Amino acid sequence: MPVSKETLIELYRTMLKIRLFEERVAEIYWEGKSPVFNIAADPIPGEMHLYIGEEAVATGVCAHLRPDDMVAGTHRSHGHYIAKGGDLKKLMAELFGKKTGLCQGKGGHMHLFDANLHFGCGGIIGAGIPHAVGAALAFKMQGKDNVAVSFFGDGAANIGAFHESLNLAAIWKLPVVFIVEDNLYAISVPKSKSTAVKSNAERAAAYGMPGVLVDGMDVMAVYEAAGEAIARARRGEGPSLIECLCYRYKGHFEGDPQLYKPEGEEEEWRKKDPIPNFRAKLIKEGILTEEEAAKIQAEVKALVDEAEKFARESPWPEPEEALKHVFL
Amino acid sequence: MPVSKETLIELYRTMLKIRLFEERVAEIYWEGKSPVFNIAADPIPGEMHLYIGEEAVATGVCAHLRPDDMVAGTHRSHGHYIAKGGDLKKLMAELFGKKTGLCQGKGGHMHLFDANLHFGCGGIIGAGIPHAVGAALAFKMQGKDNVAVSFFGDGAANIGAFHESLNLAAIWKLPVVFIVEDNLYAISVPKSKSTAVKSNAERAAAYGMPGVLVDGMDVMAVYEAAGEAIARARRGEGPSLIECLCYRYKGHFEGDPQLYKPEGEEEEWRKKDPIPNFRAKLIKEGILTEEEAAKIQAEVKALVDEAEKFARESPWPEPEEALKHVFL
Amino acid sequence: MGERIISMYEAIAEAIAQEMERDPRVFVMGEDVGFYGGIFGATTGLWKKFGDERVRDTPISEMGFVGAAVGAALEGMRPIVEVMFVDFTGACFDQILNHMSKIQYMSGGQLKVPVVLMTAIGGGYNDAAQHSQCLYGLFAHLPGLKIVIPSTPYDAKGLMIQAIRDDNPVMYFFHKGLMGLPWMTIIEATWAPVPEEPYTIPFGVADIKREGKDVTIVAVAMMVHRALEAAQKLEKEGISVEVIDLRTLVPLDKEAIINSVKKTHRLLVVDEDYLSYGMSGEIVAIVAENALEYLDAPPKRVAVPDVPIPYSNTLEDFVIPSADRIAQAVRELVG
Amino acid sequence: MGERIISMYEAIAEAIAQEMERDPRVFVMGEDVGFYGGIFGATTGLWKKFGDERVRDTPISEMGFVGAAVGAALEGMRPIVEVMFVDFTGACFDQILNHMSKIQYMSGGQLKVPVVLMTAIGGGYNDAAQHSQCLYGLFAHLPGLKIVIPSTPYDAKGLMIQAIRDDNPVMYFFHKGLMGLPWMTIIEATWAPVPEEPYTIPFGVADIKREGKDVTIVAVAMMVHRALEAAQKLEKEGISVEVIDLRTLVPLDKEAIINSVKKTHRLLVVDEDYLSYGMSGEIVAIVAENALEYLDAPPKRVAVPDVPIPYSNTLEDFVIPSADRIAQAVRELVG
Ligand SMILES: Cc1ncc(C[n+]2csc(CCOP(=O)(O)OP(=O)(O)O)c2C)c(N)n1
Ligand SMILES: Cc1ncc(C[n+]2csc(CCOP(=O)(O)OP(=O)(O)O)c2C)c(N)n1
Ligand SMILES: [Mg+2]
Ligand SMILES: [Mg+2]
């Protein structure tokens, strides 16, 4: 199917938004953490898992989603949330722990929820997979044509919830798409040491569902595979699995010395960087001019600036608010 | 490979031992439960899951095992224990809850342990699978050529522990064999409603291990497939999965009205009853005479009689013993 | 009306049926909840009435389907999910510990998780260590879960309807021995009058099953009945026992406990869950914190003595609190 | 000798290394325990010394590898299995609840399960609801698990060696904030003298960190240090505080608690775990049962107020007990 110029530019803009947002997050994160790294130091405290390098995956998938489709993310979900159409200001404020944050400062970087966007994520590996299955079950029971998408890592594909969820989705023929973000590692453990098959796409057969392996550094490859799977799900034809081969340029979390990565590996993958490559392609194909690209860059940067400013200026939650929201 | 006469007769004897033992257990179980069924009534109280109809599976597999090979059973494990060479007297006494029982009355029907036979089982579906993996890991680390065998049902193949265990066994190339006892049902839920593939043998591919489907009503088919897998494991060539198609003639537990079984299904499977069929085959092939068969029958019956007598005459544990063995 | 006598399992199934009729968002899932009607009968008749979709049999995939219940709740459904025995919650504990109980909070109150997780508790019928636990004390320790434990058919129905209508995650524990199942030891109280029309019982309101002036016994589920049995015996000995059925551990009716102890000056907590670090300690602590000066004797606890539930009759009877053991503890308290 | 100063994470790794050298049956597995040395450093240096087989990285398969540890223990090994954060025990809870803790008992004492499950606890660094829990109260509720919670490098080493040599299942909880990691807030006590040679510390023996005569504070892990900080402040106000570090919850040194309260007549339990139905209730209950007449004031508890751990600084600081909150509670106790 031909893809419109607007869509192509939107894909580019979204990837860039994720990249620039996260680069800014990293800057702010380290602002309080040098010369001495203390994980609890402000402005952004706690663990920080960045998605830099994997932007094509979230972007290519979420481009097919409506606001009322459901996404279950991971511990590394800024990208998923932004691709789903998330609000940068609220997201940044949440990372700062401010009252104006997505979750009023209660969730934090790993626990982002947006009821309006039907978005959730969490810090327990594999736990979001059944949530997506349940959301898909709800859509089916409600007679809606919505779909649910579950993102998770290559490491997560070895946890029991993966197996149970794919089986449930298959026997109940649910509108859910499983996206494996294979970035070669689970923290320091390479996929080759953790996973008994080459690609998790092969595992789809264990549930009688289609499984494909795509180049996760190529937003168009992801876009096409996801488009097919999501359309299939919307038509009521059941679940699919897509494994996207990609790479995280940063450590598992900020501060990870990454000693487990072999020499030269990152450089190889840098050549496949989804963002400059896609930009070059769009320019080469005449879809984007250098000027337009620069304008997009400036617009996105302005959004990120605004988000940072909003977060910095926002108030802290009152301490006593900690006691609210256990029960509603 | 040719199978010796002794082995063939031993296979027959073992199947018969399981059958006659369990038929007796059923009799004794109902002794206290008619006219009014009260699950807590003596002589054998509690839930009762019988293996009748599935004897060929445990028998064909365990015939290849040594006493120091490890078996992890299920909630339906009398057959596994007997096939592993278990002691009928201690087993029966355990079912009665007597002090002379395998576990001094603490374990009961679903929780049979025999340290000398490296046998254990339990009432939580799927939980024994990782135990077998761990035992196999121990054997490997100890430089032994022992193997571990995990038995579990078609229902259990849908729980997360199945996935995690098979993956671990495969990446670590452990000497473990996974036996799926596919008896078509998990309590009332038919496999067709619970399992997204036709045979779990297909799922072996998700772990890069061999998977085969065999006729679980034919002890020789099981014996051969298991022989190959166990020999492979002993040689250090890693795990395998065997799905054995079989049938439980009784309810999920004694007292189950079995309304979920379609009319005529049991009769069809009765025709394939592994014990009379194998008996007939052995006689037809001249391996066993009618007289020898009758003698075996009498010997086995005597063992069961003895076990019953032992259990009935054994003393109860002292109440205060309940406080022992939490810590050793 | 109030005089129709039904069992606890029928009361639960009726509550669910009435709510399913009222609210199309309510549905049930779990192992053998469909055609079979639930191993302990809690979904009897529902499948026939509502069909495969709304009364959904699941594979043996507790993590998957409890997680799916959470996901469905996030998308506007109101799932009732059965985990057959509380002992099996080990297979889905992460979904309870980190998601069902925490998403409302982590989302800053944006999202509701109106799941009812119902599960069977209790021993006394030789089902041994992995099928006889109570464990409600463990779940009560986790913020974000309402903990409901009925002891009568009447309460079972009213508390179930309340649970389904509550916007928060609820764990609903029914005691196998109290369900009134024909294949369990019969206990009179398991068949009792239950109104046909729907009604609710608010959470956090204990039920004083019996007034007394010498000792307060606090209990839930089967232990309420054992305590009542003990109280009857003790009455003949001239000891007047008040028996409080908490009905919910979260929220907890501290008021009722404290007021009773202020009256009786003596406390016994009876628990079929394990003794240490559980319900019994919490109740004693609350009384010590709030009514210390009223206590005429050190409080006592009768519970499972920190051992797994053994299989054999003699052993199981020794560890699960009996009316005799309860009565003995009361005598020591007043003695 | 005793003057070598090391961190708690080094002390743990050293204990494990020494036991691995002594006993070939001891091995370690878990996520990132190999080359990486454990996310909190508890296996630092082991992989280099002992290699892939005995220091085994696992996939993210907690149910599988904790179950495998149980299976390996049944076949004569002595596994140390790391579950990275206690919050993740939800993913393998069945193996702890129904197998690791129960097989010895269910087998009638035939089988030993000498597994050490080690895991990280605690908050205070904005890791929020799913990475900051303590939960030891929950595990202490389950019969069959020894519960170990060191608060100093010295104790960490001695208790780890004891845990490895113990024939029973042990849950060993280390507090992230006490590990002495360079990337965490520095707390002086996290670097301390630790002898090089192996030594053991018996389970069930509390450590009186500080003698006092007005109030007894009972605590574990980080709260021991917060209590000591509070005690120092209070000393200047003329209030003399005794601080007891339980070190193990199972077995529990009831004696030490009771004797201290008999001396001070006042009890405060401080807990970084959730308030209700946990450790704090149990300790208060034990004192009420055994030393009621000695109490001059109702006992008090300072703990996480039954909410998940929130992310934001202002919120997290509000829920995790601080030295100030502890001091305030002591003042109320003596006031
Ligand atoms: C159940 C559970 N086990 C372990 C962890 C610790 N942990 C956090 S991220 C991670 C690696 C995840 O790898 P992968 O799924 O490939 O995702 P990636 O980080 O590569 O995006 C681990 C082990 C966790 N959060 N939850
Ligand atoms: C984790 C867990 N979930 C549910 C159960 C209840 N249960 C006991 S046996 C059984 C069915 C098992 O089916 P299958 O694995 O096919 O074995 P079969 O009984 O057919 O031999 C179920 C659901 C359990 N014991 N453990
Ligand atoms: Mg990864
Ligand atoms: Mg089956």
Side-chain angles (χ1 to χ4, degrees), chain A residues 68 70 72 94 99 101-108 110-116 118 120 122-142 144 146 148 150 159-169 171-172 174 176 317 321-322 324-328, chain C residues 24-27 29 52-54 56-79 81 91-92 94-95 97-115 142-146 166-170 203-204 250-251:
Chain A
D68 58 356
M70 187 268 199
E94 186 64 24
K99 167 130 189 77
L102 254 180
C103 306
Q104 301 185 34
K106 282 192 170 142
M110 282 191 276
H111 318 95
L112 305 167
F113 296 90
D114 188 329
N116 296 325
H118 297 246
I124 306 294
I125 298 303
I129 315 178
H131 299 163
V133 169
L137 176 61
F139 295 146
K140 192 176 183 196
M141 291 182 77
Q142 293 158 354
K144 295 179 181 167
N146 286 105
S150 169
I159 204 162
F162 165 88
H163 177 64
E164 297 185 9
S165 299
L166 269 74
N167 187 57
L168 287 176
I171 57 171
W172 294 341
L174 299 179
V176 53
E321 286 176 34
K324 277 196 223 153
H325 299 140
V326 179
F327 295 119
L328 301 177
Chain C
R25 300 169 303 173
V26 177
F27 73 102
M29 60 180 164
D52 264 342
E53 282 282 307
R54 288 185 74 196
R56 187 175 289 267
D57 274 335
T58 63
I60 308 175
S61 306
E62 279 85 358
M63 194 70 92
F65 69 76
V66 172
V70 171
L74 292 173
E75 286 301 337
M77 302 299 286
R78 300 184 82 88
V81 61
C92 54
D94 173 55
Q95 285 295 337
L97 170 68
N98 287 317
H99 311 282
M100 192 171 129
S101 63
K102 291 189 172 66
I103 286 177
Q104 297 191 159
Y105 188 83
M106 295 191 298
S107 76
Q110 285 176 84
L111 292 167
K112 288 190 290 197
V113 188
V115 172
L142 305 176
L145 301 170
K146 298 198 176 176
D166 197 299
D167 276 348
N168 299 286
V170 176
F203 293 163
V250 179

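Every chain is numbered from 1, with letters handed out A, B, ... down the list of sequences. Remember, predicted model here, so these are calculated numbers, not experimental data.
The CD atom of C:Q104 sits 13.0 Å away from the SG atom of A:C103 when rounded to the nearest 0.5 Å. Note that the NE2 atom of A:H325 and the CG atom of C:N168 stand 11.5 Å from one another [nearest 0.5 Å]. Here A:L102 contributes atom CG and A:H111 contributes atom NE2; the two are 13.5 Å apart, rounded to the nearest 0.5 Å. Interatomic distance, A:I129 CD1 to A:H131 NE2, rounded to the nearest 0.5 Å: 10.0 Å. How far CD1 of A:I124 is from CG of C:N98: 4.0 Å, rounded to the nearest 0.5 Å.
Contact count against chain A (heavy-atom pairs under 4.5 Å) is highest for C:Q95 among C:K112, C:Q95, C:K102. Between chain C and the options A:L166, A:L112, A:L168, A:V133, the largest number of non-hydrogen pairs under 4.5 Å is found for A:L168. Annotation: maximal heavy-atom pairing with chain C below 4.5 Å, among A:A115, A:A136, A:S165, A:G105, occurs at A:A115. Of the listed residues (C:L74, C:V66, C:I103), the one with the most heavy-atom contacts under 4.5 Å to chain A is C:I103.
If you measure heavy-atom distances from C:R25 to chain A, you find no contacts under 4.5 Å at all. For C:V250, the part lying under 4.5 angstrom from a heavy atom of chain A is the side chain only. Contacts between A:D114 and chain C at a heavy-atom distance below 4.5 Å involve backbone atoms as well as side-chain atoms. Residue contact with chain A, scored on non-hydrogen atoms closer than 4.5 Å, involves the side chain of C:F27 exclusively. When heavy atoms are compared at a cutoff of 4.5 Å, A:E94 does not approach chain C at all. With a threshold of 4.5 angstrom between heavy atoms, A:F139 approaches chain C through side-chain atoms but not through N, CA, C or O. Of the two parts of C:K146, the backbone and the side chain both hold a non-hydrogen atom closer than 4.5 Å to a non-hydrogen atom of chain A. Contacts between C:Q110 and chain A at a heavy-atom distance below 4.5 Å involve backbone atoms as well as side-chain atoms.
The closest donor-acceptor contact from the side chain of A:K106 to the backbone of C:G109 lies at 3.5 Å or more, if one exists at all.
Nearest heavy atom pair, residue C:M77 against residue A:A138, reads CG-CB, 3.5 Å.
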Let's go through C:T58 and A:W172 carefully: what are the C-alpha distance in whole Å and the side-chain angles of both, what is the deciding distance for side chain to side chain contact (heavy atoms under 4.5 Å, CB included) to 0.1 Å, and is it a yes or a no?
CA-CA 10 Å; C:T58 63; A:W172 294 341; 3.9 Å; yes
